[in-house]
Amino acid sequence: MTSRVLLILSVLMCCCKPETLKIGAIFDIEAEVKEKAFQLAIDAVNTKRTGDERYLEGLVEYVPCDNPFKAMVATCRLVSNGVVAILGPSSQDNAQMVQTICDDKDVPLLDARWVGRPKGPTISFYPHQGVLTRVYMEVLDAWNFQDFVVLYENDDSLKRMGELLKGYDSKEHQIVVRQLDKYQNGNYRPTLKEVWRSGATHFVLDCSTEILEEVLLQAQQVGLMTNKQFYFITNLDMHTLNLTPFQYAETNITGMRFINPDTQQIRTMGFELYKNEINKDIHLSFIAAWKLQLETALIFDAVTMFGEALSNLPKNFASPILDCQSAQTWMYGTTLINLIKGIKYPGLTGLIQFDTTGFRSAFGLEIIELKEGGITRTGNWSYSEGLNISREYPPAPPPPVEGSLVNKTFVVITCLTEPYGMRKESSVPLHGNERYEGFGIDLIAELSKELGFNYTFIIREDKKNGEYDETTNEWNGMIGDVINKKADLAITDLTITSEREAAVDFTTTFMSLGISILYQKPKKAPPSFFSFADPFAVGVWKLLAAAFFGVSIALFLLGRISPSEWHNPYPCIDEPEYLVNQLSLRNCFWFMTGSLMQQGSEIAPIAISTRMVAGMWWFFTLIMVSSYTANLAAFLTTESPDRPFKDVFELADVAEKKGIQFGAKINGSTEKFFRDSKHIEAYQKIYQYMKDHEDDVMVKDNNLGVVKAETKNYAFFMETTSIEYETQRRCSLTSVGNSLDEKGYGIAMRKNSPYRRALSTTILKLHEEGVIAKLKRKWWEERRGGGQCPDEDEKSTEATPLNLKNVGGVFWVTIIGTLLSCVMVLIELSLHIFKRSLLTKQSFKLMLMEELRFYFKTSGMVKPVFHNHSGGSSDKTESRLGQRRPYGFICDEHLTQS
Ligand code: GLU
């Protein structure tokens, strides 16, 4: 443990040294100035001692910041050394530990740092936060803070700001609270940039002295230190910092201070504290007083006031010798605290007195402001009189006057971007506004007709709409021209973006659009080798093949079972030895092939069931062949476009493989869209590509991009309105895919312009009256070669293969027909066997079994004739049953008999 104990003795104790009282102090490492203030205070107390008054002796402990264990050990050591009070450390965790022990032992704790709510035997010399909040509100009111941003550093500052926010009605005030640098290790720029983008101008800044200068510096870097911003700084040591870099920015930086460095008392104190350094650098003697921070001054005040209180105690009261291990407390602790709280003491920080609740409420403050000459006092605040400002309040920003535009003259800036602004083609020299024409020019003319203002057009030759330059912290392009008062209004294809909206005001949108892709129209795809198969989808072809095999096999089986299909090979012989069947498997396939190809075959089914199957198949082929023919005709007459990509996602995937380059207008809102679309991987990929190949793919203006898209394998990301304009004139180009976003163009003007409302209202009126639609038709379709390219609805002319949804029905009809045929063949067979069983007087079942056995056992297509050997009369049964002669077949009787 690195601690050192210093014994400080009063100079008056040189000879007959009376008894001393000890006062302890715990400092964070490197708090030498505070320790010096402590010593000076003890010296000051002892100097005043006379006679037998007891002198003060200081015991100092140093503890590393935020090390409560060491703080505990140091406090216990002080307590066991008999201190009558302890001056607490600055760091939060150490202070809490010291407070716990003092609370336990009833030893007064003198606190010079900010504490939310002092507890136990703590005497906080820091001004009461409740009263400070009152001061903040009075100053903010005086400075006309209506809507503002609160920037805070940590939990303590949030507590302070929480108190402030309670005083504001959220319905009347828009207050945004932002923490500075949560995780970025001293980089406050991301937060400040966000605040800058929001357009906020009034800030309440609550942070420690250690970071205050850096925060202001970074605010300056992000553009938050101009004549538009107002800062109210709650830190009471603001004046001790070197704020010279900010004093010329014309930013209103207001703060407060507790101690005035120009008073003699403070100067002396500063001199004493920095004596050693002044010896080395004489220049320091002038600013030493300005370096004195509130906490140091409060340490001095706390100790001197405590010394004063001690002299009011009975002379013989005993110093406490306490032990942290025991439950012992000091009996005079509370008495001493009450004594201190009861007196009034004029200190370096003004008159110190405590209210009934033990807070230092009645105090006074100086209101200070940073000006070109440095920190200047602009007023003061006192508990009894409140705020008293000695200079005029900064005038409140003038309420936006709904100014009439009649007879006002505006400078309107535009770019020569087709069709918003173009140079007029004329054989005679033109002057003034006459030189230009286009949609934007006409729109301004319409607005001027309605509102009665005059205007002069100026041209931005480099066609830069406006981008924020992070290195110079300035806007360029037309937005920059408006901000820098080169022009009053800006009109062109100027997209309203949040970033721009923070810097300038926009009217309501006069045109809506999104981002899409301009690319060459797809060319006809070369016919494929198997293009004849295109009319049917692959699934249909597969089912067709399955149907062919299925129905052929069904015909074969039915033909075999059906008795009618077995016929006499020699029709003129009445009693053949065997019967034959034409529906062999081969013949069935051939029959099906013949009908599918619309050619027919020699084979003709005879039985009802087989004819039914054949009929179903013919119906099936009729529909399928007709559908095929019709769709083939469609395929032959339409062109199938060869599209390398159909939308932005496919472009991102295939661009490299297919050698397609893509880009956008450099520094335009389209590029910014891809830059800011952090959540869509494809967009990030596109942005990365555009950044990596900036020189090759990014163009300075739309025209260059369009020419590139027309002549190279290049996809140009462009706004839909401009794409529409180009595709009306360049028929080889088209728009690919849907819009990636939705936004609009507006007319830009300076922030808080009083004319915004009137202009916006008139734009709405022009929309409602159809004037803007008429202007759009004029400049897109009618003038300068518009309407050249016919509108093609590509989708409707493209042929698509028939799928199962289109021809599914016919498959079902065929399946059901085949199943019905199966039922039919069973009926046929049963009837046949029944008749035979009647004739031969044999059992039906026996005959059926015999018949079926034949069908499944024998594979040949020849069937021996069944002879009834039990009775001669029925020998001809088989041939008689249904073996009719074929139609038209006449037998020669003579031959028949033989
Ligand atoms: N309208 C865009 C802008 O205002 C320019 C064109 C583009 O980025 O596509 O920046």
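Whatever order the structure lists them in is the order used to number ligands and atoms, beginning at 1.
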Item to check | Check: Leu704 main-chain N/O paired with Asp701 side-chain donor or acceptor under 3.5 Å | outcome: yes
Checklist entry - Any idea which protein heavy atom is nearest atom 1 (N) of ligand 1, and the distance to it? => result Asp493 O, 2.5 Å
Checklist entry - How close does the nearest protein non-hydrogen atom get to atom 3 (C) of ligand 1, and which residue and atom is it? => result Asn465 ND2, 3.1 Å
Next on the checklist: With a 4.5 Å cut-off on side-chain heavy atoms, are Val699 and Ile666 touching?
Outcome noted: no
Item to check | Proximity to ligand 1 by part of Met478, non-hydrogen separation under 4.0 Å | outcome: neither
Checklist outcome for this item: If we number the atoms of ligand 1 from 1 as shown, the ones under 4.0 Å from a heavy atom of Gly668 are 8 (O), 10 (O)
Checklist entry - atom 2 (C) of ligand 1: which protein heavy atom is closest, and how many Å away? => result Ser669 OG, 3.2 Å
Checklist entry - Closer than 4.0 angstrom: is that true for some heavy atom of Lys463 and an atom of ligand 1? => result no
Checklist entry - Do Asn702 and ligand 1 have an N or O pair less than 3.5 Å apart? => result no
Checklist outcome for this item: for atom 6 (C) of ligand 1, nearest protein heavy atom and its distance come out as Glu719 OE1, 3.7 Å
Checklist outcome for this item: Given the options Glu724, Arg730, Gln728, Glu726 meets side chain to side chain contact (heavy atoms under 4.5 Å, CB included) only with Arg730
Next on the checklist: Tell me whether Tyr745 has any N or O atom under 3.5 angstrom from an N or O of ligand 1.
Outcome noted: no
Checklist entry - Between Lys665 and Glu671, is there a salt bridge with N-O shorter than 4.0 Å? => result no
Checklist entry - Nearest protein heavy-atom contact for atom 9 (O) of ligand 1: which residue, which atom, what distance? => result Thr670 OG1, 2.4 Å
